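Below is one structure; the comments refer to it alone.
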Amino acid sequence: QVQLVEFGGGLVQAGGSLRLSCAASGRAFSTYGMGWFRQAPGKEREFVSAITWGGGGTSYADSVKGRFMISRDYAQNMVYLQMDSLKPEDTAVYYCAASRGRAPTAQAVVDYWGKGTLVTVSS
């Protein structure tokens, strides 16, 4: 029912910023909680951030609190992840995720995944 495509990954120096975008297709986008996960080389996929279907609640991993911000645009069927003060340890493939009716804060509750976009932060 939902397809997710990420945009915005790239190479940035430590301390820089990037904004990731996730374009969602399919009906009832507004009823899905949306989120971002990431997987660094040699590590398991981990939760980064999520936003409720209504947009009123957000969650962040401790490692990104104060640096990343998630948002969504219902009119454009888009979800964003603004990443500031990037660190080399933020280097990973970032995946957009969707969960029916609530925010996806764990892999087990994710219903749809994007294919990922690579973020590389140099020292």
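Positions are given from 1, in the same order as the sequence printed here. The model shown is predicted, which means the values in this text are computed figures rather than measured ones.
- For the atom pair Ser49 OG and Tyr80 OH, the distance stands at 15.0 Å (nearest 0.5 Å).
- Nearest heavy-atom pair, Ile51 versus Ser71, reported as atom, atom and distance to 0.1 Å: CD1-CA, 4.1 Å.
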**Message:** Determine whether Val2 and Met34 satisfy the following criterion, side-chain contact (heavy atoms from CB on, under 4.5 Å), listing intermediate values before the conclusion.
**Reply:** CA-CA 11 Å; Val2 176; Met34 303 296 297; 5.9 Å; no
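- Scanning for salt bridge (Lys or Arg N to Asp or Glu O under 4.0 Å) contacts around Lys65 gives Asp62, with sequence neighbours left out.
- Atoms SG and CD, from Cys96 and Gln3 in turn, are 12.5 Å apart once rounded to the nearest 0.5 Å.
- When every heavy atom of Val109 is checked against every heavy atom of Pro104, the shortest pair comes out as CG2-CA, 4.0 Å.
- The other members of the hydrophobic cluster of Trp113, by chain and number, are Phe37, Phe47, Val93, Tyr95, Val110, Leu118 (side-chain heavy atoms under 4.5 Å, ILVMFWY only).
- Between Tyr32 and Tyr112, the closest side-chain pair of non-hydrogen atoms falls below 4.5 Å.
- Leu11 belongs to no hydrophobic cluster with other residues, because no ILVMFWY side-chain heavy atom falls under 4.5 Å from its own, directly or through intermediates.
- Atom-to-atom distance recorded for Ser25:OG and Leu4:CG is 7.5 Å, nearest 0.5 angstrom.
- Under the 3.5 Å distance criterion, the side-chain polar atoms of Ser85 are left unmatched by any main-chain donor or acceptor of Arg67.
- Once rounded to the nearest 0.5 Å, the distance linking CD of Gln39 with CD of Glu46 reads 9.5 Å.
- To the nearest 0.5 angstrom, Met78 atom CE is 7.5 Å from Cys22 atom SG.
- For Thr117, the side chain to side chain contact (heavy atoms under 4.5 Å, CB included) partners two or more places apart in sequence, or in a different chain, are Glu6, Leu20, Tyr94.
- Across all their heavy atoms, Gly35 and Ile70 have their closest contact at CA-CD1, 4.0 Å.
- Annotation: side chain to side chain contact (heavy atoms under 4.5 Å, CB included) contacts of Val121 (sequence neighbours excluded): Val12, Ala14, Leu86, Pro88, Asp90, Thr91, Val119.
- Grouping the Ile, Leu, Val, Met, Phe, Trp and Tyr side chains by contacts below 4.5 angstrom, directly or via other members, places Leu18 with Tyr60.
- Under the rule for a salt bridge (Lys or Arg N to Asp or Glu O under 4.0 Å), the partners of Asp111 that lie at least two apart in sequence or sit in another chain are Arg100.
- Not a single donor-acceptor pair under 3.5 Å links the side chain of Arg72 to the backbone N or O of Gly33.
- With a 6.0 Å radius and a threshold of 12 heavy atoms from other residues, nucleotides or ligands, Gln107 has its CD atom above the threshold.
- Between Gln76 and Ser21, every side-chain heavy-atom pair lies at or beyond the 4.5 Å cut-off.
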